[in-house]
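Below, read A as the first sequence line, B as the second, and so on, with proteins coming before strands; counting in each chain starts at 1.
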Amino acid sequence: TGDLRTRRDECRELESEFSYARRLLQGKIDILGSELKRRSEGGDVGMGDLVGRLPSILADEPRTGGATRLLESDLPANAGKYRRYTERLATGLAHIETSTPEELTAMVEELATEERKVSEDRRRAQKIIDGLNAELVRRYQKGDEDPSSLL
Amino acid sequence: VLGPVDELWAEYKSTGSQKCRDELIVHYAPLVKYVAARVAIGLPSNVDQEDLASSGIIGLMEAVSKFEPERGFKFESYAAARIRGAIIDDLRALDWVPRSVRSQARQVEASLSKLQEKFGRSPTDEEMAEDMEVTVRKLRSIYSKISTVMFVSLDRLLSVGDKGESGMSLVDTLVDTKAEDPEQAVEAKEMKQFLVKAIAGLPDRERTAITLYYYEGLSLAEISQVVGVSQARISQMNAKSVMTFRSMLNR
Ligand SMILES: Nc1nc2c(ncn2[C@@H]2O[C@@H]3COP(=O)(O)O[C@H]4[C@@H](O)[C@H](n5cnc6c(=O)[nH]c(N)nc65)O[C@@H]4COP(=O)(O)O[C@H]3[C@H]2O)c(=O)[nH]1
Ligand SMILES: Nc1nc2c(ncn2[C@@H]2O[C@@H]3COP(=O)(O)O[C@H]4[C@@H](O)[C@H](n5cnc6c(=O)[nH]c(N)nc65)O[C@@H]4COP(=O)(O)O[C@H]3[C@H]2O)c(=O)[nH]1
């Protein structure tokens with residue numbers, strides 16, 4: 001079971017890094033997407049307004065259901081690594097003002113491809129974690145494992 | 001190798017220009033999405049995600065203006081803590097917890113503390129219901145209500161000392177994170193021992209559920225398969241144990 005837990009915990013670390021990178025990519029995609037939309041609707045170039053619109057761009061849909069599992073409260077250990085990873089992807093974001101619609105579109109497509117990949121990796125990691133936990137649950141149910149051994 | 005973002009930081013810190021500041025905020029804004037979505041988990045649906053996000057953006061603005069690149073710390077972790085802190089501060093200021101839930105929580109805590117004293121152990125729901133003169137069913141529905149408003153403080157419930165956003169959370173002490181300073185390390189160790197004792201003292205099913213939640217990280221669904229009660233019961237047990245630990249700490 002120690003083995004199982006090690007594998008599960010390694011997967012969890014990976015999953016949390018994927019989840020982090022995924023949300024960063026999604027945020028960038030949605031920000032750039034909103035800029036493109038604004039310009040296509042004749043919006044003028046300018047940063048000031050964008051900051052004010054960030055909350056509506058970044059907010060998720062209203063959510064149902066409560067907390068399902070304990071969450072690590074801080075960033076994944078390798079958070080910095082993914083920051084640079086997404087920076088390399090979209091170094092143009094910091095100069096959104098001076099980017100043409102074509103450049104913005106190209107960035108969005110590049111980011112979206114990455115987002116799909118990371119989401120897939122994340123899904124796969126989640127399947128593995130949930131599979132390993134299902135095995136743990138079986139052992140607890142059978143009595144092969146005792147929860148108090150965790151304390 | 002200095003990337004474009006490092007150059008942006010340098011320009012902002014030397015010129016303090018609004019334009020640079022806005023560019024940095026837009027650049028790091030996705031951090032807010034990550035943090036806000038995670039804080040939103042378990043909050044009642046009447047809490048607007050957009051409000052959480054705008055509190056988060058304010059927190060990010062503060063982080064950008066206060067951050068000192070030369071100090072060598074990672075901006076992301078600094079910013080994430082301020083973003084989360086800003087969201088939670090605004091939630092508290094909203095006074096979003098219904099008065100009825102507040103007073104019921106107080107009654108539960110009073111009864112818990114009294115019966116712990118009396119029995120020298122954690123009381124069962126039956127014992128508490130009797131003491132509070134309600135049905136067990138009613139008591140458990142109170143737990144459910146408490147669990148939705150407790151989420152925000154659950155994570156920081158056992159924050160060691162009053163170190164604010166740098167305080168060790170319950171989760172920190174469980175995952176063995178390296179403490180920033182020796183004093184924190186000692187407190188974390190004591191907190192660990194306290195938790196083990198406190199959890200060991202819970203009634204059987206609660207002990208199992210809480211152990212699996214905090215030490216195995218199982219989901220409510222997975223725990224309910226082991227313990228054989230509904231997911232709703234599990235989160236009720238969680239609310240009760242958090243209040244139990246808190247009242248033990250306050251004694
Ligand atoms: N083992 C395992 N772990 C899982 C699974 N699903 C999610 N997780 C992990 O658990 C965290 C919390 O998930 P949540 O409670 O649904 O809370 C989520 C959810 O409310 C929301 N969210 C994230 N992505 C989506 C999405 O694509 N659609 C929707 N509707 N909500 C999302 O943001 C919150 C935080 O998401 P993250 O930071 O990615 O953090 C997620 C992720 O790391 C799973 O099936 N198995
Ligand atoms: N409760 C919960 N449910 C989860 C979580 N992760 C995934 N899901 C569920 O699984 C579906 C597929 O997720 P995906 O493969 O990551 O595929 C996702 C993801 O790649 C992407 N996506 C999700 N959220 C955002 C976002 O805020 N912005 C952008 N640009 N893309 C997003 O769109 C796809 C579809 O998203 P949805 O329609 O929401 O549909 C999501 C959602 O219903 C989670 O952590 N918690």
Side-chain angles (χ1 to χ4, degrees), chain A residues 5 8-9 12 19-20 22-28 30-31 47-48 50-52 54-75 79-80 82-84 86-88 90-97 130 133-134 136-138 140-141 147-148 150-151, chain B residues 3-5 8 19 22-27 29-34 36-38 40-43 45 48-54 56-57 74 76-77 80-81 84 147-148 151 155-156 169 171-172 175 177 196 199-200 207-208 211-222 225-226 235:
Chain A
R5 283 205 183 88
R8 193 263 320 263
D9 292 345
R12 268 186 182 153
S19 294
Y20 176 71
R22 175 176 175 271
R23 294 256 99 181
L24 293 191
L25 290 165
Q26 291 170 354
K28 279 189 192 305
D30 296 342
I31 290 169
M47 280 287 275
L50 175 53
V51 171
L54 285 173
S56 65
I57 295 170
L58 297 170
D60 269 354
E61 291 310 306
R63 162 177 214 294
T64 52
T68 39
R69 56 174 63 79
L70 189 67
L71 282 198
E72 303 308 304
S73 55
D74 290 336
L75 299 188
Y82 275 97
R83 207 62 197 82
R84 290 188 282 285
T86 50
E87 270 168 36
R88 278 204 310 284
T91 48
L93 180 61
H95 304 293
I96 207 167
E97 239 179 329
D130 296 345
N133 278 336
L136 261 179
V137 164
R138 270 192 291 281
Y140 280 123
Q141 285 172 320
S148 36
L150 291 166
L151 292 173
Chain B
V5 179
L8 184 55
K19 188 171 167 324
D22 286 356
E23 282 195 61
L24 283 168
I25 288 164
V26 170
H27 182 69
L31 274 175
V32 172
K33 185 177 184 66
Y34 174 78
R38 289 166 81 92
I41 298 166
L43 288 180
S45 48
D48 183 348
Q49 288 240 23
E50 208 168 306
D51 289 343
L52 299 183
S54 49
I57 291 291
K74 272 202 289 209
E76 281 82 358
S77 16
R84 184 192 167 89
S147 70
T148 60
F151 167 80
D155 197 44
R156 304 287 171 179
S169 75
V171 172
D172 289 339
V175 301
T177 51
V196 169
I199 294 173
R207 182 177 62 251
T208 305
T211 307
L212 292 177
Y213 187 77
Y214 287 104
Y215 289 87
E216 195 70 271
L218 293 187
S219 69
L220 296 184
E222 289 157 347
Q225 288 172 37
V226 173
S235 75

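Contact detail for B:Lys33 and A:Leu58: the closest heavy-atom pair is NZ-O, 3.0 Å. Scanning all heavy atoms of the two residues, the minimum distance from B:Tyr34 to A:Tyr20 falls at CE1-CA, 3.7 Å. Smallest separation of non-hydrogen atoms from B:Gly217 and A:Arg12: O-NH2, 3.1 Å. The minimum heavy-atom distance linking B:Ala37 with A:Arg23 is given by the pair CB-NH1, 3.2 Å. Nearest approach of A:Ile31 to B:Val26, heavy atoms of both residues: CD1-O, 3.9 Å.
Of the inter-residue distances, the one linking B:Asp22 atom CG with A:Ile96 atom CD1 reads 11.5 Å to the nearest 0.5 angstrom. Considering CG of A:Leu70 and OH of B:Tyr215, their distance stands at 11.0 Å, rounded to 0.5 Å. Residue A:Leu75 holds its CG atom at 7.5 Å from CD of B:Glu76, rounded to the nearest 0.5 Å.
With a 4.5 Å cut-off on non-hydrogen atoms, A:Arg22 does not touch chain B at all. Interface remark: A:Arg138 contributes no atoms to any contact with chain B (heavy atom separation under 4.5 Å). Interface remark: B:Val32 contributes side-chain atoms only to the contact with chain A (heavy atom separation under 4.5 Å). Looking at A:Asp9, there are no atoms closer than 4.5 Å to chain B (heavy atoms on both sides), in backbone or side chain. Looking at B:Leu218, both its backbone and its side chain come within 4.5 Å of chain A, counting heavy atoms on both sides. When heavy atoms are compared at a cutoff of 4.5 Å, B:Ser235 does not approach chain A at all. Of the two parts of B:Ala36, neither the backbone nor the side chain holds a non-hydrogen atom closer than 4.5 Å to a non-hydrogen atom of chain A.
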Pair B:Thr208, A:Tyr140 - check side-chain contact (heavy atoms from CB on, under 4.5 Å), show working. CA-CA 10 Å; B:Thr208 305; A:Tyr140 280 123; over 6 Å; no
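The candidate from A:Asp130, A:Leu136, A:Thr68, A:Leu54 with the greatest count of non-hydrogen atom pairs under 4.5 Å with chain B is A:Thr68.
When atom types are taken as modelled, the side chain of B:Glu216 and the backbone of A:Pro147 share no donor-acceptor pair closer than 3.5 angstrom.
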